[in-house]
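Below, each value reflects all heavy atoms present in this structure, side chains not excepted, and no hydrogens, waters or symmetry copies.
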Amino acid sequence: MSCATQLKLGQKLNEGKTKQIFELVDEPGHVLVQSKDQITAGNAVRKDQMEGKAAIANKTTSCVFKLLQDAGFKTAFVRQHSETAFVASRCEMIPIEWVCRRIATGSFLKRNPGVKEGYRFTPLKMEMFFKDDANNDPQWSEEQLLAAGFELAGLTIGRCEVDIMSKSTVAIFEVLEKAWATQDCTLVDMKIEFGVNVTTKEIVLADVIDNDSWRLWPAGDRSQQKDKQVYRDLKEVTPEAMQMVKRNFEWVAERVKLLLESQVKGRVVVLMGSTSDVAHCEKIRKACGSYGIPCHLRVNSAHKGPDETLRIKAEYEGDGVPTIFVAVAGRSNGLGPVMSGNTAYPVINCPPITPDWGAQDIWSSLRMPSGLGCSTVLSPEAAAQFAAQILGLNDHLVWVKLRASMLNTWISLKQADKKLQECSL
């Protein structure tokens, strides 16, 4: 904790099997989460020291939370502070472990005899467990959670809050599943926890997500598992066995950094027929930026300079970067059809509709000769989203932003409905 001593620590708020949480005197509303060099299994029936585990766990958690935060998920994570600690928003924790499963294995098979190992859940299987070490963390139903009526940081955990955590758990799993797939690694299952931010009173993803939190099977092969299950399965804890477990944890910590990188980075090229359309095009560029997609603006008229239109097209086809062309042309749209007829790349029409002739002009984007496949989207923000959905098929960092945006839209509607019902009552 050499770096951590630079922060003024207050009282120890909590200590678990693998971490300690300290109040930060100079940062009201924030805490320091300090990892420990301890590994446990079976509610600490088995526990051992593993030198370096704190740093490995902290690196893994920091990378995972950065991926989720950059995507747009609300988390307690603030910043990595040292090799073994990170700063987080102070939360009152909801005493529930949310478990999401893609593949049936482990305890699920014991509780559901007859289900074969490897059964694939589509949709995902979700379970809840009440955090109670004395009773081995019993499985709870949604009804039990609602009946408990937990009140944390002034927020009562009711139907709205349970639904938000449920939807968030699925979205978070899908994002991490998509990210790990880029490393040819199957995310089998995962457990997460939520807390109520004491400052904002919002439900946020909290605690940690490290190699204790999931099952990971490289190439979908259980015999290559890299998670804590290797430690759980040890018949005898020897120095050699612990070194093997540590190597697995290090393998995960090294590869989790790669989840923050795009393997295939695409771009959007907006071609406008006139500089009078710049404001419309800037909206597309801004929306593309929210998905982390580079967006280039170009000016050309397919009617007045068809040769230059095709030259610009060729400029973006020759470097192997996945590209979406967006054609912005009012009056008679020549750009979209000409581009679509001369490139195998996707083309989106996004004409700037005017109130006077808009109803007539739109037909040049909608009704075109056979053999042309460009789509038409009127909203500049929607055009950028459509481009992101195409590029997200091969760029997980774009896809995770789309997935988080879907969740956040759903949450905002859920919360609006709750407020309206409260006002009606």
Side-chain angles (χ1 to χ4, degrees), residues 60-77 98-103 120-126 160-194 202-206 209 213-214 216 255-268 286-295 322 324 346 377 379 381-416:
T60 303
T61 284
S62 296
C63 285
V64 170
F65 272 90
K66 189 173 189 315
L67 172 69
L68 294 171
Q69 212 163 45
D70 288 351
F73 291 95
K74 292 182 179 179
T75 79
F77 183 83
W98 294 79
V99 175
C100 206
R101 303 181 187 276
R102 176 64 78 189
I103 296 172
R120 187 174 180 83
F121 297 110
T122 50
L124 292 162
K125 171 67 70 175
M126 196 168 57
C160 177
E161 291 69 30
V162 170
D163 287 349
I164 287 173
M165 289 186 283
S166 176
K167 284 275 190 180
S168 297
T169 299
V170 170
I172 290 164
F173 184 96
E174 289 177 349
V175 161
L176 294 177
E177 178 183 46
K178 185 86 168 178
W180 274 113
T182 67
Q183 303 303 310
D184 191 25
C185 201
T186 298
L187 181 62
V188 175
D189 53 35
M190 179 187 72
K191 63 180 181 181
I192 59 176
E193 295 181 37
F194 295 91
E202 292 179 302
I203 288 180
V204 296
L205 177 66
I209 300 180
S213 307
W214 51 35
L216 287 173
R255 277 158 183 77
V256 79
K257 293 187 297 184
L258 301 177
L259 306 187
L260 300 173
E261 302 172 6
S262 284
Q263 292 187 323
V264 181
K265 191 74 174 177
R267 68 188 167 207
V268 169
K286 182 179 179 181
C288 284
S290 70
Y291 299 112
I293 301 172
C295 181
I324 312 292
V377 181
S379 161
E381 292 79 10
Q385 182 178 343
F386 184 32
Q389 289 170 330
I390 297 171
L391 294 173
L393 294 172
N394 292 306
D395 185 342
H396 75 284
L397 293 187
V398 173
W399 189 90
V400 301
K401 289 178 185 293
L402 287 163
R403 187 64 183 88
S405 178
M406 285 172 53
L407 174 69
N408 290 333
T409 298
W410 183 90
I411 289 175
S412 65
L413 290 170
K414 188 76 178 179
Q415 291 173 331

Side-chain donor/acceptor pairs under 3.5 Å, residues 177-184, sequence neighbours excluded:
unit_1	atom_1	unit_2	atom_2	d
E177	OE1	R102	NH2	3.0
E177	OE2	R102	NE	2.8
T182	OG1	A179	O	2.5

Sorted by chain and number, sequence neighbours left out, ring pair (Phe, Tyr, Trp, His ring centres under 6.0 Å) with Y291 holds for none

Output for pair (L260 CG, S62 OG), nearest 0.5 Å, gives 10.5 Å

Contacts satisfying side chain to side chain donor-acceptor pair (under 3.5 Å) that involve residues 164-174 (not counting sequence neighbours) are E174-R403

By side chain to side chain donor-acceptor pair (under 3.5 Å), E193 pairs with (sequence neighbours left out) K131

Taken to the nearest 0.5 Å, the spacing of M190 CE from L216 CG works out to 10.5 Å

Side chains of residues 392-401: which donor-acceptor pairs under 3.5 Å do they make with residues two or more places apart or in other chains?
unit_1	atom_1	unit_2	atom_2	d
D395	OD1	S262	OG	2.8
D395	OD1	L397	N	3.0
D395	OD2	S262	OG	3.2
H396	NE2	L259	O	2.7
K401	NZ	D70	O	2.8

Heavy-atom nearest pair, P346 first then I324, reads CG-CD1, 3.6 Å

If we only count heavy atoms from C-beta on, is the V175 to L68 side-chain gap below 4.5 Å? yes

Contacts of R101 meeting salt bridge (Lys or Arg N to Asp or Glu O under 4.0 Å) (sequence neighbours excluded), chain-then-number -> E127, D189

Nearest heavy-atom approach of C100 to V170 is SG-CA, 4.4 Å

Residues passing the salt bridge (Lys or Arg N to Asp or Glu O under 4.0 Å) test with K414, sequence neighbours excluded, are D163

Contacts satisfying salt bridge (charged side-chain N to carboxylate O under 4.0 Å, His left out) that involve residues 382-391 (not counting sequence neighbours) are none

One should read off an interatomic distance between C63 SG and I209 CD1, to the nearest 0.5 angstrom, of 12.5 Å

Nearest heavy-atom approach of A383 to V377 is N-CG1, 3.6 Å

All heavy atoms of A404 vs all of F73, minimum pair found to be CB-CE1, 3.7 Å

Smallest heavy-atom separation, L187 atom then F173 atom, equals O-CZ, 3.4 Å

Between the CG atom in L391 and the CD1 atom in I293, the distance rounded to the nearest 0.5 Å is 5.0 Å

* Check whether any side-chain heavy atom of Q415 lies under 4.5 Å from a side-chain heavy atom of I164, and answer yes or no. => yes

Is any side-chain heavy atom of M126 less than 4.5 Å from a side-chain heavy atom of V99? no

Residue set satisfying side chain to side chain donor-acceptor pair (under 3.5 Å) with Q69, at least two apart, ordered chain then number -> T75

Sorted by chain and number, sequence neighbours left out, salt bridge (Lys or Arg N to Asp or Glu O under 4.0 Å) with K74 holds for E202

- Message: Do V268 and P294 make a side-chain contact, defined as non-hydrogen atoms from C-beta onward lying under 4.5 Å apart?
- Response: no

*With under 30° as parallel and over 60° as perpendicular, where do the rings of F194 and W98 fit, or are they tilted in between?*
perpendicular

### Query
Is any side-chain heavy atom of I103 closer than 4.5 Å to a side-chain heavy atom of F121?
no

Residues passing the side chain to side chain donor-acceptor pair (under 3.5 Å) test with K257, sequence neighbours excluded, are E254

Of all heavy-atom pairs linking W214 and L176, the shortest is CZ3-CD1, 4.3 Å

A side-chain contact here means heavy atoms from C-beta on lying under 4.5 Å apart; do K265 and P322 qualify? no

Sequence neighbours excluded, the answer for side chain to side chain donor-acceptor pair (under 3.5 Å) partners of S379 is E381

